[in-house]
Protein chains: 4
Amino acid sequence: MNSRSPGLVRDGSRANEVAILRAALEAFGAKGFHGASMRDVARGAGTSLSNLYNYFPAKSQLLAELLRLANDELLARITEAVSGAGERAADRLRAAIAAHVAFVVDHQVESLVALSEVRYLAGVAREGVVAARDSTQNIYERIVADGVRDGEFRTPYPDDAARNIVSLCSAIATWYRPGGRLSKQDLGEQHARYALALLEAELPPARSGKGAGR
Amino acid sequence: MNSRSPGLVRDGSRANEVAILRAALEAFGAKGFHGASMRDVARGAGTSLSNLYNYFPAKSQLLAELLRLANDELLARITEAVSGAGERAADRLRAAIAAHVAFVVDHQVESLVALSEVRYLAGVAREGVVAARDSTQNIYERIVADGVRDGEFRTPYPDDAARNIVSLCSAIATWYRPGGRLSKQDLGEQHARYALALLEAELPPARSGKGAGR
Amino acid sequence: MNSRSPGLVRDGSRANEVAILRAALEAFGAKGFHGASMRDVARGAGTSLSNLYNYFPAKSQLLAELLRLANDELLARITEAVSGAGERAADRLRAAIAAHVAFVVDHQVESLVALSEVRYLAGVAREGVVAARDSTQNIYERIVADGVRDGEFRTPYPDDAARNIVSLCSAIATWYRPGGRLSKQDLGEQHARYALALLEAELPPARSGKGAGR
Amino acid sequence: MNSRSPGLVRDGSRANEVAILRAALEAFGAKGFHGASMRDVARGAGTSLSNLYNYFPAKSQLLAELLRLANDELLARITEAVSGAGERAADRLRAAIAAHVAFVVDHQVESLVALSEVRYLAGVAREGVVAARDSTQNIYERIVADGVRDGEFRTPYPDDAARNIVSLCSAIATWYRPGGRLSKQDLGEQHARYALALLEAELPPARSGKGAGR
DNA sequence: AATGAATGAGTGTTCATTCAT
DNA sequence: TATGAATGAACACTCATTCAT
């Protein structure tokens, strides 16, 4: 124990853990969970294959941790955004979607991996991740229910709307490329409007929404 | 089919090919492309491992053929549905979505695999599949453009609407379970309304759309 | 299938299986079950590592098959020897021990491996092998019981005698070297006399038994 | 133990060494030398993996020390027992066997490991252990030779008798379970009689030796 | 004496694919 | 067309051991 720089060793350890997680993320993102090997991860993390196992006891736990982190972060961001939004359902929805879209754009690979590799999780790990995902969707469901109750949303299909809104936001991860036509904020506004329209909310008249003309 | 015809061998051959494709579909659907092995496919098809290679020269071509078939079929169904629909964009959209949703429900595994395993296609195979997928999306884009031109759709974001509509339809494959609350037709109507709402079309007042109440 | 030399392929297959079993026997004998690797076995069998798995699905099954063969053969030899022996218990014991010792000498490595590596067998395989071993010991127990009943054996401890006789015979595998002082037959006679003495049978006066002097 | 004494550190050290040896014994006993890992030992000893190497420079030396201790203890016990016994060979044999059997029962795992894992010792360590084992057997050989010289033992095979007597005693480790039919003393008497009978000594008429009836 | 991190060789096993028939 | 045997590379993971502290 280095008594003069407390935490340094642990920090080094943490740093390694982070490097491994980052490498795993890249590997799983590029080749998929089964397509990526622990050797890929080790190479990406700049460590030896066997040392990986000092940090994560199994490949599956690497995925589990990755998804747990991503889903928790997403949930936290949306929760916070909603808590800071106004009373009206439309406002809360706008806040949620802005946070959601921002997360997907900021963490595209995490989002992609969370979307496409959950299926390879098993057991407790799966349940935890699914729970976080459900929590996220629940936020939308509550907003939708409130909006319907208050007469803000008039969709005849409120029960399935939340899921579809989540789908729309998640799907961004599958095609987004940085530097595209729309900025992160633009994308957020766009998706908020898509969502509100889908819910059959009252909308301000369309003006010159970016991406409108060709 | 005709046991006297000289085509019998070919038919047997065809039968085998179909069995192999079906087995590959199930395997890829259950475990993912990289998670499923050629042995899994052979077992599922009831043939020997090595005989697989008499029909498909590589695992990747199994996936390619699978995706080609699925995308072509989807494209054909939507194309036909649209061609038989009315003049108005909303009508054509309804027809397209009905066909689309029906395909996803009828061929859920195909849809799921097409959604999640395209990434493992490379080279020409990929291009072919991507082309078919683009053709499908183009149909929606044309409808959207027409609707906007005719004043039916008032969304400020017409350029990205088609992609999102496709997303909504495709996403059904990720959660649908036969025998659920909504029938195939219900789902089609629901998604058509979601899409039209998203496009900010004029909509009939919501009545008692299934799934509305609890 | 080669229709002109039926069985050739299977024979080749059999030959390979035998070569693998032989190599496994040598490897397990030399280094123990856990000390020997499948690569050792493959090298010894003159085939590739992966091809081993076309014949035996797991290392443990190699051991299981080895032990099954050895124990069955031993049981068969002793059974046959006893069935061809006289009525008197001493005669049957002599026959059993002669066969037993001959087997151990003829198949020293098998005997050694059967003795020291059974513990690494698990599940059904273990039960099968243990059953065969018990059957062998049962033969001795029956002979002992008969001899006691007939007054041939006067040991006060007949219940544990059979196990100890088996021990004496098995132990040969741990020290025997071909070309030693005693021939296979000598060893058999010696152990028969040891066993009869242990059972406190009436014995002919000792003459010049080999190994008596120095 | 004595917290004030300067020997505390050494005692702690000793305590650790003992814990490690005990853990190694259990691990090797349960899984065999090659089947047990240094991690198993560390876990069992309640210390870290790397700290093991402060006490034993290699896995093999753990085994060596274990076997040395066991064989030395056995040798010491038998030596002492014999030295306190009478003049007659039969009496010395009885004493030796009583001590031998008691050791095997008291230290079953040590005995088992000594029996089955010696083969994995190499070099000097092996020689030391083999020497101790030979010393033990030599005691028996001397007794046998004396008994033969004095006419107490009339076996025609005196040269191999000692080894077999040792075998009989060692074999107890392979099947003994505490709480069985025979006590430690019973087992000792039983094996003494087996041994004397095997040597063709004059024996008192069998009475009701435990384990005789059913 | 004690630790956690690290390593390189090695483990049993499976992979997609090819070969001979 | 169909098979079983074969292969070499790769897989996830564990090993005994060492290093820095």
Inset, instruction - Within residues 29-41 of chain A, find the residues that approach DNA chain F with a heavy atom at under 4.0 Å, and present them sorted by residue number. - result: A:A36, A:S37, A:M38, A:R39
Legend entry - Under 3.5 Å: donor-acceptor pair, side chain of C:K31, backbone of C:S37: no
Legend entry - N/O donor-acceptor pair, side chain A:N54 with base E:dA6, under 3.5 angstrom: yes
Inset, instruction - Could I get the full list of salt bridge (Lys or Arg N to Asp or Glu O under 4.0 Å) partners for A:R39, not counting sequence neighbours? - result: none
Inset, instruction - Determine, stepwise, if the pair B:N51 / B:N16 fulfils side chain to side chain contact (heavy atoms under 4.5 Å, CB included). - result: CA-CA 10 Å; B:N51 197 31; B:N16 243 340; 4.3 Å; yes
Inset, instruction - Find the distance D:I20:CD1 to E:dT3:C1' and express it as a whole number of Å. - result: 14 Å
Legend entry - Between P of F:dA2 and CD of B:E17, the distance in whole Å: 11 Å
Inset, instruction - Rounded to the nearest angstrom, tell me the gap between atom NZ in B:K59 and atom C1' in E:dT18. - result: 17 Å
Inset, instruction - Rounded off to whole Å, could you give me the CZ-to-P distance for the A:F56 and E:dA5 pair? - result: 12 Å
Legend entry - Any residue meeting salt bridge (Lys or Arg N to Asp or Glu O under 4.0 Å) with B:R22, in chain and number order, not counting sequence neighbours: none
Inset, instruction - Find the distance D:Q61:CD to F:dT17:P and express it as a whole number of Å. - result: 9 Å
Legend entry - F:dA2 OP1/OP2 closer than 4.0 Å to side-chain N/O of B:N16: yes
Legend entry - Listed partners of C:E110 passing salt bridge (Lys or Arg N to Asp or Glu O under 4.0 Å), at least two apart: none
Legend entry - With D:A27 via side-chain contact (heavy atoms from CB on, under 4.5 Å) - residues at least two apart: D:A36, D:D40, D:V41
Legend entry - 5'-to-3' dot-bracket of DNA chain E (Watson-Crick, G-U; under 3.5 angstrom; crossing pairs as [ ]; | other strand): .||||||||||||||||||||
Legend entry - Residues which pass side-chain contact (heavy atoms from CB on, under 4.5 Å) with B:E127, listed by chain and number, not counting sequence neighbours: B:V124
Inset, instruction - Report the residues that fulfil side-chain contact (heavy atoms from CB on, under 4.5 Å) with C:V130, sequence neighbours left out, ordered by chain and then residue number. - result: C:R126, C:D134
Inset, instruction - Only counting residues at least two apart or in another chain, list the ones meeting side-chain contact (heavy atoms from CB on, under 4.5 Å) with C:E65. - result: C:L21, C:F56, C:R68, C:L69
Legend entry - Nucleic acid contacts of residues 42-53 of chain D, taken as heavy-atom distances under 4.0 Å to DNA chain E: D:T47, D:S48, D:S50, D:N51
Legend entry - Pairing residues for D:E117 by the side chain to side chain donor-acceptor pair (under 3.5 Å) criterion, not counting sequence neighbours: C:R119
Inset, instruction - Can you tell me the distance, in whole Å, between the OH atom of A:Y120 and the P atom of F:dA12? - result: 14 Å
Inset, instruction - Sequence neighbours left out, what passes salt bridge (Lys or Arg N to Asp or Glu O under 4.0 Å) with A:E26? Give chain and number order. - result: none
